[in-house]
Structure formats: C-alpha cells, structure tokens
Amino acid sequence: MTTPLWQETILAQYANSPTITALIESFSNSIDPTADINNFYSTLWNIDTCNDAGLENWGRIVNVSRYIQVTQTQVNFGFNEAFTTATANTGAQPFNQAPMYSGALATTTFRLATDAYRKLIMVKAMANITNCTAASLNSLLLYLFAGEGRAYVQDTGDMTMRFVFEFTLSAVELGIMLTSGAIPRPAGVQAIIMQVDTAHTFGFAEAGGQPFGQGTLFNSSGIQYVS
C-alpha cells in the first residue's frame, strides 16, 4: 500500500500520535491544492492570461516598465505645405480650426492598458534574446504592429539603421518605439524612426509612392531619432 504523502511531512516523534496524524489526514483529505496551483498559473504566471499583478511581475523579469513617456500631439494654425498630410488631428490647420503655435508641449507619463502592456512584455522578451539581425527585428515589428500596415527595418550604412512605418504611429506606439527601451538595435548603431504615408507621398511606384500632381514631397517631420 502506498504511503500518503502527508505522512512524510510529520516529524518522527509525532508520527505515532493518533491525534496529530488524524488532524493532518483530515486536512489532507479536505484540501486539494490543484485548484490553487491552476489559479496561480493562470492569474500570475501564464503571460497570455495573467492579471495586472502577474504582468507587473513579468515586467520586472524582462525589465520593461508599464509607464512610458508620450509626447502629446500638437495641432496649430499654419500653411498646408508645413506638413506632409494634414488631418483633423495632425499637421497645420486652416483659420478657425487650431490655435497659433505657442511652444513645445510637455512630455507626459502614460500607463499602458493591460493588453498593450502584455504585448510590450512579449516584445521585450523577444528583444532580450534577439540577435538584432534585420530578419529578427522584422519579426518583432510584425508582432507588435500586426494588422496596422507595413513596418520593416533598413540598414542605411555608416552605423545607422531605420525603422520604417508606412502608416502613422499613435502617440503610445511612438512612445514605445522611442522611450520604452524595449526595441533593440545593434550596439553602437543609431536608430531612426521614419513614418511615411505612401498614399499621399510623391515617389517611385515600386516604393508605393504617388506620381506627379498626386503626392507631396516627404519632409523631415516624418523622421525621429531613437534616444
């Protein structure tokens, strides 16, 4: 007959005590730790299902903060040619649509939502083991920006590289790219963020650009340097 596991936890001098052994046997029969173990795994350890407490723990493990620095979007009155593509939330605006420029906006600290932080943790985990080749970095971008548009890296030579986005990044996404510390790059290489709206930018057809009279020239507003 197999000896119950609970008997192995009793000190030798108490092993033959009928009261102590009866109490421990009763506890063992009444408490099944399986449910607690499963609950611990799903709420604290499984990255796909864990709650905020579990995410904070994973954040410490992979070394990425839930709080990132986000620069507020600034919309001001100005001439149309001052920006590649003006929308209701970006670029120079006409009369009675936006105030005059009054200086740079302060950078604010933003707390990522649960799902966004979960994705950032996975990105940082990938970054921790990447070899920083173009293929690896492209896989990371594909995961982080799935379904948003084309995103890829370019080796621009002279110890520089470029993260190219053929869509507009949100303030949070740009904060992740610029200040989160989760996006890797080879040692000693300067990284540049380039956002280009190919649907409205003049350029060659093979690059997705528009012909004469249907697109504007790309300008430096779409370039930012990773600190």
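Just so we're clear, the structure is a prediction, and the values are computed from it rather than from any experiment.
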Set of residues satisfying side chain to side chain contact (heavy atoms under 4.5 Å, CB included) with respect to Met161, sequence neighbours excluded
Leu137, Val153, Phe163, Arg185, Pro186, Val189, Ala191

Once ring pair (Phe, Tyr, Trp, His ring centres under 6.0 Å) is applied, what residue pairs with a partner in residues 45-65 remain, sequence neighbours excluded?
Trp45-Trp58

Would you mind writing out the side-chain donor-acceptor pairs for residues 23-30 within the sub-3.5 Å range, not counting sequence neighbours?
from  : atom 1 : to    : atom 2 : distance (Å)
Asn29 : ND2    : Glu25 : O      : 3.2
Ser30 : OG     : Ser26 : O      : 2.8

Salt bridge (Lys or Arg N to Asp or Glu O under 4.0 Å): pairs with one or both residues in residues 117-128, sequence neighbours excluded:
Asp115-Arg118

List for me each residue that meets side chain to side chain contact (heavy atoms under 4.5 Å, CB included) alongside Leu142, sequence neighbours excluded, and say none if there are none.
none

Could you tell me which residues satisfy side-chain hydrogen bond (donor to acceptor under 3.5 Å, both in side chains) with Asn131, sequence neighbours excluded, listed by chain and number?
Thr133, Ser136

Any donor-acceptor N/O pair, Asp155 side chain to Ala134 backbone, under 3.5 Å
no

Mind checking whether Leu140 and Ile183 have side chains closer than 4.5 Å, heavy atoms only?
yes

Looking at every non-hydrogen atom in both residues, tell me the closest pair between Pro184 and Thr130 and how far apart they are.
CG-CG2, 3.8 Å

Just to verify, what does Ala146 make a side chain to side chain contact (heavy atoms under 4.5 Å, CB included) with, not counting sequence neighbours?
none

In Å, rounded to the nearest 0.5 Å, how long is the span from OH of Tyr152 to CE of Met194?
7.0 Å

Output all residues satisfying side-chain hydrogen bond (donor to acceptor under 3.5 Å, both in side chains) with Thr156, sequence neighbours left out; order by chain, then residue number.
Thr160

Atom CG of Asp158: over 12 foreign heavy atoms under 6.0 Å
no

Where Met177 and Ile193 come nearest, the two heavy atoms and their spacing
CE-CD1, 3.6 Å

At what distance, to the nearest 0.5 angstrom, does CD of Glu166 lie from CZ of Arg150?
4.0 Å

Would you please name every residue forming a side chain to side chain contact (heavy atoms under 4.5 Å, CB included) with Ser65, sequence neighbours left out?
Tyr67

Distance (rounded to the nearest 0.5 Å) between Asn128 CG and Ile61 CD1:
11.0 Å

Sorted by first residue and then second, give each side chain to side chain donor-acceptor pair (under 3.5 Å) pair with at least one member in residues 7-21; sequence neighbours left out.
none

Hey, could you give me each pair passing salt bridge (Lys or Arg N to Asp or Glu O under 4.0 Å) that has a residue in residues 129-145? Not counting sequence neighbours.
none

Kindly check if the number of other-residue, nucleotide or ligand heavy atoms within 6.0 Å of OH (Tyr41) is above 12?
no

Of the non-hydrogen atoms in Ala151 and Phe165, which two are nearest, and what is the gap between them?
CB-CD2, 3.6 Å

Heavy-atom side-chain proximity of Asp52 to Tyr117 below 4.5 angstrom:
no

Linked, directly or transitively: Ile129 and Met122 (ILVMFWY side chains, under 4.5 Å)
no

Please report the closest heavy-atom contact between Leu112 and Ile68, naming both atoms and the distance.
CD2-CD1, 3.9 Å

Verify side-chain contact (heavy atoms from CB on, under 4.5 Å) between Ile176 and Leu144, making sure each step is shown before the conclusion.
CA-CA 10 Å; Ile176 289 175; Leu144 184 58; 4.3 Å; yes

Ala53 versus Leu44, closest heavy-atom pair with distance:
CB-CD2, 4.0 Å

What distance separates Ile37 CD1 from Ser42 OG, expressed to the nearest 0.5 Å?
12.0 Å

Non-hydrogen atoms of Val64 and Ala182 that approach each other most closely:
CG2-CB, 4.2 Å

Which residues pass the salt bridge (Lys or Arg N to Asp or Glu O under 4.0 Å) test with Glu56, not counting sequence neighbours?
Arg66

